[in-house]
Amino acid sequence: SPVYRLQAPAQARVLGVFTPGGYDGAASRAAVQETVKSVPVVVYSYSLSPFCNEALSVLRSAGVNESALKVVELGPEWFLLGPA
């Protein structure tokens, strides 16, 4: 979609996969796959989101061990980009 096409470069810069010609899709996929393989539960979270905070609370109250949980905090660009 046009919105995602505009958001992708900002997100790629934060993740460190931006190249002068745009973002490197293969590097982005590899970074996500590496993260997902590292632990059983991965949550991409935005600290100001009540939904993210509630999801983490539910996981922890359900007994998900912290060593089995990786929280990837998304940077301020998510807030600055506004609603999609």
Side-chain angles (χ1 to χ4, degrees):
S1 91
V3 173
Y4 294 125
R5 201 168 291 130
L6 294 173
Q7 288 179 340
Q11 294 165 349
R13 280 187 180 93
V14 169
L15 294 173
V17 293
F18 188 81
T19 61
Y23 78 96
D24 184 343
S28 298
R29 279 188 295 282
V32 169
Q33 289 171 346
E34 182 179 326
T35 301
V36 170
K37 287 180 185 177
S38 68
V39 291
V41 180
V42 177
V43 177
Y44 287 86
S45 177
Y46 177 57
S47 61
L48 296 178
S49 168
F51 304 106
C52 293
N53 291 323
E54 183 64 22
L56 290 170
S57 177
V58 168
L59 287 168
R60 289 175 174 132
S61 68
V64 174
N65 188 324
E66 290 293 324
S67 65
L69 174 64
K70 179 170 183 128
V71 179
V72 178
E73 286 288 342
L74 303 175
E77 85 284 0
W78 294 92
F79 176 74
L80 298 173
L81 289 173

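Start at 1 with the first residue, then count along the sequence. No experiment lies behind these values; they were computed from the predicted model shown.
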Solution key, residues 33-40 side-chain donor-acceptor pairs under 3.5 Å, sequence neighbours excluded:
from: Thr35; atom 1: OG1; to: Ala31; atom 2: O; distance (Å): 3.0
from: Ser38; atom 1: OG; to: Thr35; atom 2: O; distance (Å): 2.6

Name the atoms and distances for all side-chain donor-acceptor pairs under 3.5 Å in residues 50-59, with sequence neighbours left out.
from: Asn53; atom 1: ND2; to: Ser47; atom 2: O; distance (Å): 3.0
from: Asn53; atom 1: ND2; to: Ser49; atom 2: O; distance (Å): 3.2

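Residues that satisfy the side chain to side chain contact (heavy atoms under 4.5 Å, CB included) test with Glu66, not counting sequence neighbours, are Arg60, Leu69.
A single hydrophobic cluster is not seen to contain both Tyr46 and Val71; linkage of ILVMFWY side chains at heavy-atom distances under 4.5 Å, directly or through other members, places them apart.
With Val72 as the partner, the side-chain contact (heavy atoms from CB on, under 4.5 Å) test is satisfied by one option alone out of Val42, Val32, Val43: Val42.
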